Amino acid sequence: MTTEVFIGLGSNMENPAAQLARAVAELAALPQTTLVAQSPFYASRPAGPQDQPDFVNGAVWLRTDLTPHALLDHLQAIEQDHGRERLRHWGPRTLDLDILVFGQETLDDERLVVPHRELANRDFALQPLLDLNPDLTLPDGRTVAELRQTCPDNGLRKLPPIPREPFAPE
């Protein structure tokens, strides 16, 4: 069964915009998955400790036949390929890929919480979702537009588009 999925992307290390652009290409190449659209990229202050560089964030809209956990496995493999290290909670990272919304499913287990637990507090996730689908509604009936209006300001700044390089699997 094909599901509409929204993935949040973030990076604040090793040329963040390039990390995200490469990740978008890798997401487009996932099995049983089609890339529908990519949001613009945004810069913002870190949501966690402030002693780190600003983040670059965006989102993609996918259609996938993968299960939520199978998709999560693929996302974590892509993060690892980008050199992701989990040294500090909400600390710096080369790449962070989060399942923000997985159709109308709600999940809460030891590996995955969907919709993303902090979505309502993250303008850097909500604004890219609005760019992708201004009518997006969460499983609990709240709209992303409503959440965006009440979300704390994190200094969000839209970045100019960067040229996309063709993805060549290794």
Side-chain angles (χ1 to χ4, degrees), residues 1-12 16-17 19-48 54-76 78-79 90 93 95-109 111-162 164 167:
M1 181 173 113
T2 302
T3 305
E4 307 281 325
V5 179
F6 295 87
I7 306 295
L9 303 90
S11 174
N12 71 342
Q19 294 280 357
L20 297 192
R22 185 175 134 211
V24 169
E26 292 165 331
L27 290 166
L30 287 177
Q32 299 175 274
T33 302
T34 302
L35 175 67
V36 176
Q38 169 191 336
S39 78
F41 292 157
Y42 292 86
S44 67
R45 295 186 305 270
D54 283 354
F55 273 81
V56 174
N57 293 94
V60 296
W61 179 353
L62 304 175
R63 287 191 180 108
T64 188
D65 292 328
L66 297 171
T67 66
H69 289 92
L71 179 59
L72 178 63
D73 291 340
H74 284 287
L75 299 183
Q76 290 177 340
I78 292 170
E79 289 176 341
W90 290 345
R93 60 203 73 169
L95 183 63
D96 186 30
L97 299 173
D98 290 322
I99 300 174
L100 301 175
V101 179
F102 196 95
Q104 289 298 304
E105 290 194 41
T106 56
L107 297 167
D108 190 348
D109 64 35
R111 291 191 63 212
L112 184 58
V113 176
V114 175
H116 192 280
R117 185 181 319 270
E118 292 293 325
L119 183 59
N121 300 315
R122 305 257 170 97
D123 59 352
F124 56 83
L126 292 169
Q127 186 59 53
L129 287 179
L130 278 175
D131 293 335
L132 293 171
N133 183 346
D135 300 319
L136 185 61
T137 301
L138 301 181
D140 66 6
R142 295 180 297 167
T143 67
V144 171
E146 293 166 344
L147 293 176
R148 179 67 178 101
Q149 290 176 355
T150 60
C151 181
D153 177 30
N154 204 39
L156 201 62
R157 303 170 309 279
K158 189 174 183 179
L159 299 175
I162 62 169
R164 185 190 281 182
F167 175 67

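If you're wondering where the values come from, they're calculated on a predicted model, not measured in any experiment.
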Quick one: [atom1] on [X] to [atom2] on [Y], what's the gap to the nearest 0.5 Å?
{"X": "Q19", "Y": "D96", "atom1": "CD", "atom2": "CG", "answer": "12.0 Å"}
{"X": "L95", "Y": "Q76", "atom1": "CG", "atom2": "CD", "answer": "11.5 Å"}
{"X": "N57", "Y": "L126", "atom1": "CG", "atom2": "CG", "answer": "11.0 Å"}
{"X": "L62", "Y": "T64", "atom1": "CG", "atom2": "OG1", "answer": "7.0 Å"}
{"X": "E118", "Y": "R122", "atom1": "CD", "atom2": "CZ", "answer": "5.0 Å"}
{"X": "T143", "Y": "L136", "atom1": "OG1", "atom2": "CG", "answer": "8.5 Å"}

Identify the heavy atoms of [X] and [Y] that sit nearest to each other, and give their distance.
{"X": "L130", "Y": "V144", "value": "CG-CG1, 3.8 Å"}
{"X": "T106", "Y": "P139", "value": "CG2-CB, 3.6 Å"}
{"X": "P68", "Y": "I99", "value": "O-CD1, 3.7 Å"}
{"X": "A120", "Y": "L147", "value": "CB-CD2, 3.9 Å"}
{"X": "L9", "Y": "A59", "value": "CD1-CA, 3.4 Å"}
{"X": "D54", "Y": "N12", "value": "O-CB, 3.1 Å"}

Does any N or O in the side chain of [X] come within less than 3.5 Å of the main-chain N or O of [Y], such that one atom is a donor and the other an acceptor?
{"X": "N133", "Y": "D135", "value": "yes"}
{"X": "N121", "Y": "C151", "value": "no"}
{"X": "Q104", "Y": "T137", "value": "yes"}
{"X": "E79", "Y": "L97", "value": "yes"}
{"X": "S11", "Y": "A17", "value": "no"}
{"X": "D98", "Y": "G8", "value": "no"}

Are [X] and [Y] close enough that some pair of their side-chain heavy atoms sits under 4.5 Å apart?
{"X": "L112", "Y": "H69", "result": "yes"}
{"X": "D153", "Y": "D123", "result": "yes"}
{"X": "F124", "Y": "R45", "result": "no"}
{"X": "L71", "Y": "I7", "result": "yes"}
{"X": "R117", "Y": "D108", "result": "yes"}
{"X": "Y42", "Y": "D131", "result": "yes"}
{"X": "L27", "Y": "L75", "result": "yes"}
{"X": "L132", "Y": "S39", "result": "yes"}

*Can you check side chain to side chain contact (heavy atoms under 4.5 Å, CB included) on L119 and L129, steps first, answer last?*
CA-CA 10 Å; L119 183 59; L129 287 179; 3.8 Å; yes
*Decide if atom CZ of R111 counts as having more than 12 heavy atoms of other residues, nucleotides or ligands within a radius under 6.0 Å.*
yes
*Passes side chain to side chain contact (heavy atoms under 4.5 Å, CB included), I78 versus L30? Steps please.*
CA-CA 10 Å; I78 292 170; L30 287 177; 4.1 Å; yes
*Pair T67-L72, side chain to side chain contact (heavy atoms under 4.5 Å, CB included): steps then yes or no*: CA-CA 9 Å; T67 66; L72 178 63; over 6 Å; no
